[in-house]
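The block underneath contains the structure these notes are about, expressed in structure tokens.
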Amino acid sequence: MLDLKYLRTNWDKVKHIVELRGESVDIDELKQLDHQRRQLVKECDTKRAELNHLTREIGKLKREGRDDPKLIETARQLSAEISHLEERLRSIEAKFMHLLLWIPNIVHASVPLDEPKILREVGKPFEHKFDGLDHFTFAEQLGMIDFVRGAKIAGSNFPLYIGWGARLERALINYMLDFHVKRGFKEVFTPFVANRQSMIGTGQLPKLEDDMYHIEREDFFLNPTAEVTVANLHREEMLPEEKLPLRYVAYTACFRREAGSYGRGTRGLKRVHQFNKVELFSFAHPEHSYEELEFLLNEAEEVIKSLGLRYRVVLLPIHELGFAAAKTYDIEVWAPVSREWLEVSSVSNCEAFQARRAKIKFRTKHRTDYVHTLNASGVATPRTFIAILETYQNPDGSLTVPEVLRPYLDGKKRIP
RNA sequence: GGAGGGGUGGCCGAGUGGACGAAGGCGCCUGACUCGAAAUCAGGUUCCCCGCAUAAGCGGGGACGGGGGUUCGAAUCCCUCCCCCUCCGCCA
């Protein structure tokens with residue numbers, strides 16, 4: 001949610017940004033509703049003040065044991081009038097909020113307007129001296145992932161990790177959690193569902209309703225990213241200023257319907273309905289949130305680097321930003337067999353956009369203000385898994401275990 | 001799922017229809033005392049919205065779990081939903 005004061009003085013700018021980000025919100029209607037709303041608030045407040053006077057007068061008389069039917073009748077009428085005004089105000093406010101929730105965040109000045117900007121490539125260009133197998137074929141051959149049985153249990157694109165596949169997946173999760181915990185992040189293990197209010201708080205709703213799994217009876221949504229559950233951990237709270245930045249790391253399973261994305265290029269682990277992710281999240285002071293963004297980016301890069309994978313960092317252009325983000329870096333790892341870059345991490349500063357929706361504030365001596373929220377995958381496992389299989393496979397059909405994962409796999413150097 | 005009890009400010013806790021400030025305590029801030037601190041004393045200490053001034057501020061309105069209602073007037077009465085506790089039932 002945007003700052004209303006900013007919105008009121010920047011209608012045209014907001015209109016432009018909404019367009020650039022590919023959203024369609026009727027800004028003119030919003031502007032009109034805001035005007036009507038404020039007019040009505042003024043009117044209601046004035047009449048309420050009047051009624052408060054009358055009410056106090058009546059109370060005073062009552063205490064003296066007296067009565068004034070005329071005064072009460074006047075108050076009765078005024079009260080009825082206010083009821084009508086407030087009813088109108090409520091309906092206008094509802095419309096106003098409804099529209100407001102569809103406005104994406106404003107963007108940071110450094111965000112490109114046209115093309116993604118590749119900031120750096122890290123790690124040597126890597127080629128196998130033999131004909132490598134793509135991750136799908138290799139994983140099935142080693143019995144690590146059973147896509148057919150996964151589909152039997154749930155549906156297509158619900159991968160079933162099995163044997164060494166399951167162990168490697170768990171090793172990855174545990175390794176990354178430990179990595180970030182050692183570097184000062186507080187670990188949380190959150191619910192894998194969240195309610196409607198939480199989803200509005202981080203900006204998944206209203207826009208992404210169709211992209212999430214919904215549990216109708218309880219009106220829960222399956223967690224699409226721990227960004228949601230961790231951000232809402234402090235919803236409607238006042239955080240002490242000296243505690244910022246508050247850094248969390250969370251493992252969650254993530255669920256996405258991926259509506260409309262079936263077809264080519266979705267074989268294997270590239271695009272799945274359920275996946276694992278270790279997420280970093282920061283509640284930061286507004287004055288230091290862009291330093292925090294760089295910090296989180298570095299944190300995610302370090303974990304990928306430690307796995308010995310080649311990657312690049314991309315600064316996303318305006319039209320590729322997520323709804324709540326003001327600035328986003330993507331990290332993509334190199335898959336040497338399929339010869340492509342795969343996104344494994346998204347590092348974003350949402351500034352006060354989510355904090356405003358979710359009412360997450362901090363207190364200083366003289367005022368209160370919204371925190372800035374930042375999230376970074378640290379990182380998502382499926383495509384990391386792909387990169388590992390494609391990078392570390394050997395001509396004899398075995399897989400070399402990346403060194404940092406060996407302690408999590410009984411010290412094993414090769415699979416099987 | 002059933003029965004009962006509860007949800008009040010940063011925290012504890014009083015308050016069952018009317019008094020400008022929701023008592024009191026704790027914590028915190030400022031000042032006095034002190035070489036300094038503790039103790040003591042005095043004062044201050046919620047958030048949101050609208051408007052004016054925008055450096056602090058001032059005026060008005062609203063908020064006692066959320067929403068709705070009764071009433072001239074609701075923390076207090078009614079309806080509804082959520083959450084916590086106790087007991088019972090069911091169940092992994």
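Every chain is numbered from 1 and lettered A, B, ... according to where its sequence line falls, protein lines coming before strand lines.
Between the base of G60(B) and the side chain of D45(A) there is a donor-acceptor pair shorter than 3.5 Å.
For R37(A), a side-chain nitrogen or oxygen approaches OP1 or OP2 of C50(B) to under 4.0 Å. For R48(A), no side-chain nitrogen or oxygen approaches OP1 or OP2 of G61(B) to under 4.0 Å. Contact check, R56(A) against G18(B): no side-chain N or O comes under 4.0 Å of OP1 or OP2. Between C50(B) and R8(A), a contact under 4.0 Å exists linking OP1 or OP2 to a side-chain N or O. Put simply, S79(A) has a side-chain N or O that comes within less than 4.0 Å of OP1 or OP2 on G73(B).
Nucleotide C47(B) forms a pair with G62(B), judged by Watson-Crick or G-U wobble geometry with both contacts under 3.5 Å. Judged by Watson-Crick or G-U wobble contacts below 3.5 Å, the nucleotide A22(B) has no partner. Nucleotide G1(B) forms a Watson-Crick or G-U wobble pair with C88(B), both donor-acceptor distances falling under 3.5 Å.
Annotation: cation-pi pair R170(A)/Y175(A) absent, no NZ/CZ under 6.0 Å from the ring centroid and within 45° of its normal.
Ionic pairing of D34(A) and R8(A) is present here: one or more N-O contacts between side-chain nitrogen and carboxylate oxygen are shorter than 4.0 angstrom.
Side-chain proximity of T55(A) to the nucleotides C48(B), G68(B), C72(B) is greatest for C72(B). Nearest nucleotide to the side chain of A75(A), out of C48(B), C72(B), G68(B): C72(B). Taking every side-chain heavy atom of R38(A) into account, C50(B) is the closest of G73(B), C50(B), C47(B). In the set C50(B), G61(B), G18(B), the nucleotide with an atom closest to the side chain of A49(A) is G61(B).
The distance from atom CG of N52(A) to atom P of G21(B) is 11 Å, rounded to the nearest whole Å. When the C1' atom of U71(B) is taken as reference, atom CG of L71(A) falls 15 Å away, rounded to whole Å.
Aromatic rings from Y370(A) and F362(A) are positioned such that their centres are separated by 6.0 Å or more.
Remark: H319(A) engages no residue in a side-chain hydrogen bond (donor to acceptor under 3.5 Å, both in side chains) (not counting sequence neighbours).
With both ends at atom P, the span from U80(B) to G61(B) equals 33 Å, rounded to whole Å.
Note: H135(A) and F147(A) have perpendicular aromatic rings, judged against thresholds of 30 and 60 degrees for the angle between ring planes.
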